[in-house]
Amino acid sequence: MSIPREPYLSDVSDDEWALVAPYLTLLPEDASQRTPALREVFNGCGTSWKTGAPWRWMPNDSPPWKIVDQQAQRWLRAGCFEALAEDLRVILRLAAGRPAQPTAAIIDSRTLRSTPESGARGAYDGAKRKKGSKLHLAVDTLGHPPHTTSPSHASCSETSLNWLLVPNSL
């Protein structure tokens with residue numbers, strides 16, 4: 001039996017865990033592959049994400065960094081966080097008395113300044129007179145982001161903004 005540890009500030013509360021657990025459960029709870037508890041793995045992710053510390057600097061009483069990193073990659077590949085963000089956006093829209101799907105959007109972009117270490121992805125933005133990576137953001141009228149694209153990962157063509165151009169495509 002392991003000794004219970006003191007919670008970190010980055011650990012999720014019981015209410016937060018009840019919200020995110022259904023999105024993160026990729027295998028049954030009794031699966032033989034699940035040695036550390038899923039909540040502890042998620043808390044390990046939170047420690048790294050909130051502090052900005054590398055995976056290898058995980059606290060000793062957290063699950064091994066390699067397990068936390070691999071599970072985070074599985075969650076990202078499975079789209080767990082996108083599904084959670086989408087459902088939260090719908091819930092917030094319904095709570096504000098709006099339809100679940102937005103009918104209008106606001107599009108903006110910004111350039112994140114880069115350094116020489118950024119390499120080829122840091123290009124010059126002539127409109128803003130900055131060198132960096134351009135980030136495009138579309139938000140609904142309540143300010144909730146339905147989609148985020150970056151030219152380094154996806155082109156900002158008509159297809160990437162298709163949900164804005166086609167009526168009722170949401």
Side-chain angles (χ1 to χ4, degrees), residues 1-93 95 106-123 125 128 130-140 142-154 156 160:
M1 181 171 146
S2 64
I3 300 171
R5 65 172 178 82
E6 286 290 316
Y8 292 104
L9 294 174
S10 59
D11 287 354
V12 293
S13 67
D14 292 338
D15 291 337
E16 291 168 335
W17 180 246
L19 175 71
V20 300
Y23 294 93
L24 302 178
T25 307
L26 301 177
L27 293 172
E29 283 294 322
D30 59 349
S32 61
Q33 298 96 327
R34 187 166 294 150
T35 310
L38 196 60
R39 184 173 181 165
E40 285 302 311
V41 174
F42 187 69
N43 284 337
C45 289
T47 299
S48 181
W49 294 333
K50 287 185 180 181
T51 63
W55 289 115
R56 292 178 188 245
W57 292 5
M58 297 280 300
N60 290 332
D61 54 357
S62 294
W65 72 269
K66 192 68 172 170
I67 290 175
V68 176
D69 177 49
Q70 288 173 349
Q71 186 61 50
Q73 295 304 318
R74 284 186 203 106
W75 285 330
L76 289 169
R77 279 192 307 272
C80 297
F81 301 115
E82 289 85 358
L84 174 62
E86 172 67 16
D87 289 350
L88 284 175
R89 186 185 59 76
V90 169
I91 290 169
L92 291 171
R93 288 189 60 81
I106 302 161
I107 303 174
D108 196 8
S109 68
R110 70 176 289 184
T111 301
L112 302 174
R113 288 195 182 255
S114 64
T115 62
E117 291 83 18
S118 297
R121 70 182 169 106
D125 181 3
K128 299 193 179 177
K130 291 182 186 178
K131 182 174 178 171
S133 300
K134 196 152 193 175
L135 175 74
H136 299 274
L137 185 67
V139 296
D140 64 10
L142 295 176
H144 305 132
H147 296 289
T148 305
T149 60
S150 171
S152 62
H153 296 94
C156 292
S160 64

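What's counted below: heavy atoms across the whole structure, side chains too, no hydrogens, waters or symmetry copies. Keep in mind that what you see is a predicted model, and the values were worked out from it rather than measured. Nothing fancy with the numbering, it's 1 onward along the sequence.
Contact between K50 and L9 at its shortest, heavy atoms only, is NZ-O, 4.4 Å. Considering all non-hydrogen atoms of both residues, M58 and S48 come closest at SD-CB, 4.5 Å. Closest approach of L24 and L38 over heavy atoms only: O-CD2, 3.8 Å. When all heavy atoms are compared, the tightest approach of Q71 to L26 is NE2-CD1, 4.0 Å. Scanning both residues, Y23 and C80, for their nearest heavy atoms gives O-SG, 3.1 Å. Minimum interatomic distance between N43 and S10 (heavy atoms only, all atoms of both residues): O-OG, 4.3 Å.
The side-chain heavy atoms of T47 and W57, taken from C-beta on, include no pair separated by under 4.5 Å. Using a 4.5 Å heavy-atom threshold, the side chains of W65 and P59 count as separate. Residues R39 and D14 are in side-chain contact: their nearest non-hydrogen atoms beyond the backbone lie under 4.5 Å apart. By the 4.5 Å heavy-atom criterion applied to side chains, I67 and P36 are counted as neighbours. Contact annotation: the side chain of L84 approaches that of V20 to within less than 4.5 Å [non-hydrogen atoms, C-beta and beyond]. The closest side-chain heavy-atom distance from D140 to R89 is below 4.5 Å.
Taken to the nearest 0.5 Å, the CG atom of L88 stands 9.5 Å off from the CD atom of E86. Put simply, CH2 on W75 and CD on E82 are 13.5 Å apart, with the number rounded to the nearest 0.5 Å. From E16, atom CD reaches atom CZ of F42 across 8.5 Å, with rounding to the nearest 0.5 Å.
Classification of the F81-W49 ring pair by plane angle, with boundaries at 30° and 60°, yields perpendicular.
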